[in-house]
There are 2 protein chains.
Amino acid sequence: MTFEPISRQSVSDQVFGRLRDAIVSGRYAADEALPSERELSATFEVNRHAVREALRRLQQLGLVQVSQGGATRVLDWRATAGLDLTMALAGAEDVLPVATLERDVLEMRACIGADAARLCAERAAPGARAAITEAVDRYAAAIPDLARMGEADLALWRRIIEGSGNIAYLLAFNSLTAGALAVGHVPAPRRTAELLDVAAHRRLSDQIARGDVAGAQRTARELLALTAIGAAAAHDEAGETTSERG
Amino acid sequence: MTFEPISRQSVSDQVFGRLRDAIVSGRYAADEALPSERELSATFEVNRHAVREALRRLQQLGLVQVSQGGATRVLDWRATAGLDLTMALAGAEDVLPVATLERDVLEMRACIGADAARLCAERAAPGARAAITEAVDRYAAAIPDLARMGEADLALWRRIIEGSGNIAYLLAFNSLTAGALAVGHVPAPRRTAELLDVAAHRRLSDQIARGDVAGAQRTARELLALTAIGAAAAHDEAGETTSERG
DNA sequence: ACCCGTCAACTGGTTGGACCAGTTGGCCGG
DNA sequence: CCGGCCAACTGGTCCAACCAGTTGACGGGT
């Protein structure tokens, strides 16, 4: 049992969180004007500067557009927000079921993971390949402890993606592993099948080490699909989230 | 000929840009302490609040870690930054050649595009499929004008990704198409081959419309690989960017 | 010589208020 | 009815003070 550090959210953090959730969950419609900074600061009973910091962060996330003189407008985050928003998408249950989001994240993980494994087998530097073998060993050494195996597994995949030499994949990996609803925090039972497949991990590592491009891609795809398929079967068609938008 | 809106960067935007470039380009080492807010505000000759807003944004991007009482420390962005950072990565030429970054973005585009096409053919709602056919028509209608074709092509891919119902793919698409070095702004000659392949676009649209899952995936992969291969051949091995890190 | 509490001198966090700068929309004169 | 003007918004910037944590050096006790 370990203790989490007590969260000391600053005032502007709280304002940010509230507004973010309000926007993502659709309580503010797209293109709607947010209350003025002065109004918000009165509502939240905080200084205007705190509100401003929050708004700047929301703008950076792609959730609002602030413009001097005019009102701060809410954007359609499906059109303007980047992948970093995934960290914040948990609080939009009514407009976007977590189950769907989880499925999406796992699909993306499988897609990128397989391609990264391919690229890694194709062009990773010798040192990077050695680091991967090493990471698999650490993963295997943690075998009874699921939590530690999960950590080691994440570290292994980071090595593989680093080995692929693709910065975009690496950043996407960061986006997906950060945040509450992250790949690493997927409920244990769902990842167990994948985590316990030590043989597949070993095989993947070997294929990368010896430059078996096609094999590495296939193994990675199979390994990562385990969870995705399980998740898909679990909630079948988790509801249509695709809607018509002009 | 159209005019771009004159950029009226606010003071804090400029501070943000300067610090971002300094960090990404490695002028501040990872784990190094940034100058204090008061110091920075004196250096840039701006108010401390402007510096604070910039720092909050940098923190959100995953470039720095600010902590009350302690110093604001620079993070290793390769480990902590999300995909949204791609928009800012142009100014790190010395530590990360644009050619490499461009290749990476194209690889990711191909990977996600193909999978989105697959998912779209598999589970898109009828309305979404119709919207795609429509988008292809608009794309084909723009035929002589490369710029307009590029726009229409982006719109088409957005429809396909929306049709896949995968929010993560959609957000990643946003991350990749935003920013200066975005997919949409890739130099014309490089995308020309792909853009001119109207037949393949039509085929893809048809396969999605009729639910040919494997076919759609294959067509999309081939279509998106055109550019990637061209780019890869152009600068061959654009230099190793993988380094050992503890 | 070493350990440990204390405290001063940092760090960022928050506040209030004043003023600048750009946008909007209504009002009034032509 | 049109068009310019102006007041009343909006966000942008600044100053100055103080609150709240962290850090490290200093000095007394062991």
Side-chain angles (χ1 to χ4, degrees), chain A residues 3-20 22-23 28-75 77 80, chain B residues 3-20 22-23 28-75 77 80:
Chain A
F3 283 103
E4 293 282 326
I6 293 179
S7 85
R8 266 169 305 215
Q9 277 201 316
S10 72
V11 175
S12 77
D13 284 339
Q14 297 180 48
V15 173
F16 170 76
R18 294 247 217 137
L19 290 176
R20 180 200 56 197
I23 293 170
Y28 286 107
D31 213 58
E32 186 178 348
L34 229 48
S36 74
E37 293 179 353
R38 290 168 176 85
E39 208 168 323
L40 286 172
S41 73
T43 305
F44 290 127
E45 296 182 0
V46 299
N47 190 277
R48 199 179 138 210
H49 291 297
V51 173
R52 284 181 55 77
E53 285 180 11
L55 289 176
R56 265 10 236 312
R57 290 174 62 189
L58 290 172
Q59 176 173 39
Q60 165 128 346
L61 255 188
L63 296 185
V64 304
Q65 175 63 254
V66 331
S67 49
Q68 183 174 358
T72 296
R73 299 203 158 275
V74 175
L75 297 174
W77 58 263
T80 58
Chain B
F3 283 102
E4 292 283 323
I6 292 179
S7 83
R8 265 170 306 217
Q9 276 201 316
S10 72
V11 175
S12 79
D13 283 340
Q14 296 180 49
V15 173
F16 169 76
R18 293 246 218 141
L19 290 175
R20 180 200 56 199
I23 293 171
Y28 286 107
D31 214 58
E32 185 179 347
L34 230 46
S36 74
E37 294 178 351
R38 292 169 174 84
E39 207 168 325
L40 285 172
S41 73
T43 304
F44 290 127
E45 296 182 359
V46 300
N47 189 274
R48 199 177 139 209
H49 290 296
V51 173
R52 283 180 57 78
E53 285 179 10
L55 288 177
R56 278 346 255 299
R57 289 174 62 189
L58 290 172
Q59 176 172 38
Q60 165 126 348
L61 255 187
L63 295 187
V64 305
Q65 175 63 255
V66 330
S67 49
Q68 182 174 357
T72 295
R73 299 203 159 274
V74 176
L75 297 174
W77 58 263
T80 58

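Just so we're on the same page: letters track the sequence lines, and every chain starts at 1. A quick note: this is a predicted structure, and the numbers were derived from the prediction, not measured.
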Nearest listed nucleotide, side chain of A:Gln68, among C:dG13, D:dA16, D:dG11: D:dG11
Determine: side-chain N/O of B:Thr72 to OP1/OP2 of C:dT11, distance under 4.0 Å, yes or no. no
What nucleotide among C:dT14, D:dT13, D:dC18 has an atom nearest to a side-chain atom of B:Arg38? D:dC18
Of all the nucleotides listed (C:dG16, C:dT14, C:dG13), which has the minimum atom distance to the side chain of A:His49? C:dG16
Is any side-chain heavy atom of B:Tyr28 closer than 4.5 Å to a side-chain heavy atom of B:Pro35? yes
Rounded to whole Å, CG of A:Leu34 lies from P of D:dC9 at a distance of 18 Å
Basic-acidic side-chain contact under 4.0 Å: B:Asp13, B:Arg57: yes
Sub-4.5 Å side-chain heavy-atom contact between A:Gln60 and B:Phe16: yes
Which comes earlier along DNA chain C counting from the 5' end, the contact point of B:Glu37 or that of A:Ser67, where each point is its nearest nucleotide? B:Glu37
Find the distance B:Phe16:CZ to D:dG12:P and express it as a whole number of Å. 15 Å
If you apply the rule side chain to side chain contact (heavy atoms under 4.5 Å, CB included), what do you find for B:Arg52 with A:Ser12, and how did you get there? CA-CA 11 Å; B:Arg52 283 180 57 78; A:Ser12 77; 5.9 Å; no
Side chain B:Arg56 and base C:dG13 donor-acceptor under 3.5 Å: no
B:Ser36 side chain: which of D:dT13, D:dT10, C:dT11 is closest? C:dT11
